[in-house]
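Encoded as structure tokens, the structure appears first; notes follow it.
None of these values were measured; they are calculated from a predicted model. Only this structure's heavy atoms are used, side chains among them; waters, hydrogens and symmetry mates stay out.
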Amino acid sequence: MNDWQKKSPLDWETYVNKKVKVAAAEKNEYEGWVLTVDPISANVVLANFPENEKVSILVVLGHAVQEVDVLQEADDEMKAQLSCIFAPEENKAYSPEELDKRKNDLKNWLETNHIPVTEQGESGGTLCVAGVLTIDPPYGPEECSSSNEIILSRVQGLIQGYLEKRQ
């Protein structure tokens, strides 16, 4: 076991969001921004942003890591860029006003179609359909949750159809 593998997860966490140079076995060197370090295998996940290209992800296996040198700290912009690498692209941010409009439009549409719906939660941000299904912001089919798979599937289909008609 090498020195890198002997470190604790708290030690590895200090490398996250930093640009590093990793010296690995067989005189290989890798450079990039540390996204994470796997606490079991000590694998280092690096991200690079080549100009006019998509992000490049590289995994350096923990057993091969010999030395890690910090080259640069991430600024707020880089931290934001790193944090959303694996976020779904359709996961765009909505303003509170947009979310409220989406909730009210969906609620009105469900009520118009005789589907019982109420608002739940402290702020009323979650819609509850027939007491067995919830819909969280931003109120799409992916945000539906229910232990009844049949109801879940049908309501997701209804919402998908509703959203497609609106576009």
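In terms of modelled atom types and a separation under 3.5 Å, the side chain of Asn2 and the main chain of Val65 share a donor-acceptor contact. Here the side chain of Glu143 pairs a donor or acceptor atom with the backbone of Gly140 at under 3.5 angstrom. With Asn113 contributing its side chain and Asn108 its backbone, the two residues share no donor-acceptor pair below 3.5 Å. A distance-only check finds a donor-acceptor pair linking the side chain of Ser83 to the backbone of Ala80 [under 3.5 Å]. Side chain of Asn48 to backbone of Ile57: no donor-acceptor contact under 3.5 angstrom is found.
Note that OG of Ser56 is 9.5 Å distant from CD1 of Ile85, once rounded to the nearest 0.5 Å. In this structure, NZ on Lys27 lies 10.0 Å from CD on Gln66, to the nearest 0.5 angstrom. With values rounded to the nearest 0.5 angstrom, Lys19 atom NZ is found 7.5 Å from Met78 atom CE. The structure places CD of Gln5 at 10.0 Å from CG of Leu61, a figure rounded to the nearest 0.5 Å. A distance of 12.0 Å separates CD of Gln72 from CG of Asn17, quoted to the nearest 0.5 Å. Rounded to the nearest 0.5 Å, atoms CH2 (Trp33) and CG (Leu58) are 15.5 Å apart.
The neighbour count for Glu13 CD, taken as heavy atoms of other residues, nucleotides or ligands under 6.0 Å away, does not exceed 12.
Note: the hydrophobic cluster containing Leu71 does not contain Tyr30 (ILVMFWY, side chain heavy atoms under 4.5 Å, direct or indirect links).
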Derivation of the side-chain contact (heavy atoms from CB on, under 4.5 Å) call for Val34 and Val45: CA-CA 6 Å; Val34 178; Val45 181; over 6 Å; no
Could you walk me through whether Gln160 and Gln156 pass the side-chain hydrogen bond (donor to acceptor under 3.5 Å, both in side chains) check? CA-CA 6 Å; Gln160 186 64 45; Gln156 284 176 321; over 6 Å; no
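Test Val117, Thr134, Asn104, Thr118 against Leu127 for side chain to side chain contact (heavy atoms under 4.5 Å, CB included) and you get one pass: Val117.
Between Asp105 and Tyr162, the closest side-chain pair of non-hydrogen atoms falls below 4.5 Å. Using a 4.5 Å cut-off on side-chain heavy atoms (C-beta onward), Val132 and Asn148 make no contact. No side-chain heavy atom of Lys101 sits under 4.5 Å from any side-chain heavy atom of Tyr94. The closest side-chain heavy-atom distance from Thr126 to Ile135 is not below 4.5 Å. Considering only heavy atoms from C-beta on, Lys103 stays 4.5 Å or farther from Pro137 through its side chain. Looking only at side-chain heavy atoms (C-beta outward), Asp69 and Val20 stay at 4.5 Å or farther from each other. Using a 4.5 Å cut-off on side-chain heavy atoms (C-beta onward), Glu29 and Lys21 make contact. The shortest side-chain heavy-atom distance between Val129 and Ile115 falls under the 4.5 Å cut-off.
With respect to Lys79 and Asp75, no salt bridge is recorded, no charged nitrogen being found less than 4.0 Å from a carboxylate O.
Nearest heavy atom pair, residue Leu163 against residue Pro141, reads CD1-CD, 3.7 Å. Looking at every heavy atom in both residues, Ala47 comes nearest to Leu82 through CB-CD2, 4.1 Å. In terms of heavy atoms, Lys107 sits closest to Glu119 at NZ-OE2, 3.3 Å.
Side chain to side chain, Glu77 and Gln81 fail the donor-acceptor criterion of an N or O pair below 3.5 Å. Side-chain contact annotation: Ser41 with Asn43, donor-acceptor N/O pair under 3.5 Å present.
Between Trp12 and Trp4, the ring planes lie tilted relative to each other; the angle falls in the 30° to 60° range.
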